[in-house]
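Atoms within each ligand, like the ligands themselves, are counted from 1 in listed order.
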Amino acid sequence: MKNFDVSVVTPDGVVVDEQYQMVIAHTKDGEIGVLAGHIPLVAPLVIGEVRLKKESGMEWLSVSGGFLEVRPDKVTVLAQTAEKAETIDLARAQEAKRRAEAMLAAQEAKMDDHRAQTALHRAMNRIKVAGHRQ
Ligand code: ATP
């Protein structure tokens, strides 16, 4: 399989800048797999995992929304937050999940439901991705 450049960038800096054979990401319209030579596109991403395939195996990242940009020479994931599976603090994600669940359970929290749901989604995604450390 042919390699191509992939960057994963957040406001805090570059998380990944290497060559891969395939990028799999979750767009608002569903999962997309990008190989070398894919048609150019820009697609909004949802909270989910991004999988990067190399000859040596699959690398997992958690991202919390952003954009996937496919250009003829390069694929870029521009995300609000992105963590490699190896850098995820599992205890922190579990604590964030517990906090979000407590907020959702509290009667007076109804106005903040969307925020808590999103925080819960981010935490659950990080916990899932942390399960794929190499
Ligand atoms: P928390 O309540 O634990 O801060 P959060 O979902 O509110 O979680 P974010 O606002 O999405 O956190 O992220 C803030 C910063 O912290 C980002 O740089 C993100 O990559 C990092 N981050 C958040 N949670 C984790 C985690 N469990 N492990 C590693 N980095 C994390």
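The proximity of Thr81 to ligand 1, defined as any non-hydrogen pair under 4.0 Å, is limited to the side chain.
For atom 21 (C) of ligand 1, the nearest non-hydrogen atom of the protein is Arg92 NH2, 3.8 Å. When hydrogens are left out, the protein atom nearest atom 30 (N) of ligand 1 is Glu83 CG, 3.8 Å; that is the closest non-hydrogen contact. The protein atom (non-hydrogen) at minimum distance from atom 9 (P) of ligand 1 is Arg126 NH2, 3.8 Å. The shortest contact between atom 7 (O) of ligand 1 and any protein heavy atom is with Arg122 NH2, 3.2 Å.
Stacking of Lys54 on the aromatic ring of Tyr20 is recorded, both the 6.0 Å distance cut-off and the 45° axial limit being met.
Residue Arg99 has at least one heavy-atom neighbour below 4.0 Å for each of these atoms of ligand 1: 2 (O). Those atoms of ligand 1 that come under 4.0 Å of a heavy atom in Asp12, given as number and element, are 18 (O). Heavy-atom proximity to Thr87, at under 4.0 Å, picks out these atoms of ligand 1: 29 (C).
Protein heavy atoms are found inside the 4.0 Å sphere centred on atom 11 (O) of ligand 1.
Among Asn125, Asp89, Leu120, Val15, the residue whose heavy atom lies nearest to atom 27 (N) of ligand 1 is Asp89.
Nearest heavy atom pair, residue Gln80 against residue Pro11, reads O-CD, 3.3 Å. Across all non-hydrogen atoms, the minimal contact from Val129 to Glu49 is CG2-CB, 3.6 Å. Nearest heavy atoms, Asn125 versus Gly48: ND2-O, 2.9 Å.
Paired with Glu95 under the rule salt bridge (charged side-chain N to carboxylate O under 4.0 Å, His left out), one option of Arg98, Lys97, Arg92 passes, and it is Arg98.
Residues Glu83 and Ser62 bring a donor and an acceptor atom of their side chains to less than 3.5 Å of each other. Side-chain N/O atoms of Asn3 and Gln21 include no donor and acceptor closer than 3.5 Å.
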